[in-house]
Amino acid sequence: MKGRRSSSDSSSSSKTKKPQYSKFTQQELSACKPILTPGYVIGIFIIVGVIFIPVGIISLFASENVVEIVDRYDEGCIPPNYSDDMLAYIQNSDTNKTCTRSLKATKLMKSPVYIYYQLDNFYQNHRRYVKSRNDKQLWSKKHEDDTKNCAPEATSNGLSIVPCGLIAWSLFNDSYGFSIKNKMVKVSKKNIAWESDKKNKFGSDVYPKNFQNGVLIGGGKLNSSIP
């Protein structure tokens, strides 16, 4: 009995879960902790300054040569009789919405000149807005009746809306024309979309259908003959 007991005790001690000793597990690895004396700190700041000051000067010089003109036209282009109800003016298809603005460049604007538009108080990163679209419908005509996740702009008069969803419904359709001394300036619209979007996201056989035919109009119209 004593022999058996001693053998069991030895086997239990050999099966211990105690990890093997190592400097890594015991956090005894040698470490280097630099002492930041005033001389080291001043030297580091001088080196960083020598590297980044020329970069800052070049960036400042480049930004000073940029000529930017900003013009807000939403309020100035509203007729006085619609000043209290701008939404009615926008949604009224009988009103002439052509607006002419005169802009003056303070410096010579060298080509190419880029044109951007800016929308305020319009939150495109809202969770419900971002999800309100159907990628399959935009990719192929055979999925035009697939309006999943497009609510509340999924169907109109019992028919599927193409393209459906709040993103398409809030289409910004202002168009611009530019002239210098009464001479029209041609604006190029090429290469304003990513090649990956044109090839992999939007199909060439998807045409607008039943779009913006409801009571509420969220944005502009789409030409049903253009994919």
Side-chain angles (χ1 to χ4, degrees), residues 31-79 83 86 89-90 96-133 135 138 163 165-202 204 218-220 222-223 226-227:
C32 177
K33 186 177 180 181
I35 300 175
L36 296 177
T37 61
Y40 279 118
V41 174
I42 295 173
I44 292 172
F45 274 103
I46 291 175
I47 294 173
V48 172
V50 170
I51 295 174
F52 284 98
I53 286 176
V55 176
I57 293 175
I58 295 172
S59 300
L60 180 62
F61 179 76
S63 63
E64 288 293 330
N65 291 333
V66 174
V67 182
E68 183 181 15
I69 302 175
V70 180
D71 178 67
R72 178 173 177 173
Y73 63 88
D74 57 339
E75 295 179 352
C77 291
I78 301 294
S83 59
M86 297 182 182
Y89 170 74
I90 295 172
N96 183 13
K97 298 179 177 63
T98 303
C99 180
T100 303
R101 308 282 291 180
S102 297
L103 308 177
K104 184 178 181 180
T106 56
K107 296 181 181 178
L108 177 64
M109 302 181 71
K110 298 180 180 179
S111 61
V113 177
Y114 297 98
I115 302 163
Y116 303 91
Y117 65 84
Q118 176 180 334
L119 299 177
D120 291 333
N121 300 323
F122 187 76
Y123 304 101
Q124 289 180 285
N125 60 345
H126 191 280
R127 176 177 56 84
R128 188 180 182 188
Y129 179 86
V130 172
K131 294 175 63 177
S132 186
R133 59 178 286 164
D135 292 331
L138 298 173
L166 290 175
I167 296 179
W169 184 76
S170 58
L171 173 69
F172 181 81
N173 72 325
D174 285 7
S175 57
Y176 305 92
F178 298 89
S179 62
I180 299 178
K181 296 180 180 180
N182 297 325
K183 185 178 179 181
M184 294 300 299
V185 178
K186 186 178 180 180
V187 179
S188 175
K189 297 181 180 180
K190 293 183 178 181
N191 300 323
I192 61 175
W194 291 355
E195 288 295 328
S196 58
D197 288 352
K198 293 191 293 183
K199 293 179 180 179
N200 303 322
K201 283 190 176 182
F202 304 102
S204 59
L222 290 177
N223 191 339
I226 300 177

Starting at [atom1] of [X], measure out to [atom2] of [Y] and round the result to the nearest 0.5 Å.
X      : Y      : atom1 : atom2 : answer
Ser83  : Glu75  : OG    : CD    : 10.5 Å
Asp135 : Phe202 : CG    : CZ    : 8.0 Å
Arg101 : Asp71  : CZ    : CG    : 4.5 Å
Leu138 : Lys201 : CG    : NZ    : 10.0 Å
Thr106 : Glu68  : OG1   : CD    : 10.5 Å
Leu166 : Lys131 : CG    : NZ    : 12.5 Å

Other residues, nucleotides, ligands: >12 heavy atoms within 6.0 Å of [X] [atom1]:
X      : atom1 : answer
Arg127 : CZ    : no
Asn191 : CG    : no
Ile180 : CD1   : no
Asn182 : CG    : no
Lys97  : NZ    : yes
Lys198 : NZ    : yes

Less than 4.5 Å apart, any side-chain heavy atom of [X] and any of [Y]?
X      : Y      : value
Ile58  : Phe61  : no
Phe178 : Ile115 : yes
Gln124 : Leu119 : no
Phe45  : Ile42  : no
Arg72  : Gln118 : no

Main chain of Tyr129, side chain of Ser132: is a donor-acceptor contact present, judged purely on distance under 3.5 Å?
no
Main-chain N/O of Pro163 paired with Arg133 side-chain donor or acceptor, under 3.5 Å
no
For [X] and [Y], which heavy atoms make the closest approach, and how far apart are they?
X      : Y      : result
Tyr89  : Cys77  : OH-O, 3.8 Å
Lys104 : Ile69  : O-CD1, 3.9 Å
Met184 : Ser179 : SD-CB, 3.9 Å
Val41  : Leu36  : CG2-CB, 4.1 Å
Thr98  : Asn96  : OG1-OD1, 3.0 Å

Ring geometry between Tyr176 and Tyr73 (parallel below 30°, tilted from 30 to 60°, perpendicular above 60°)
perpendicular
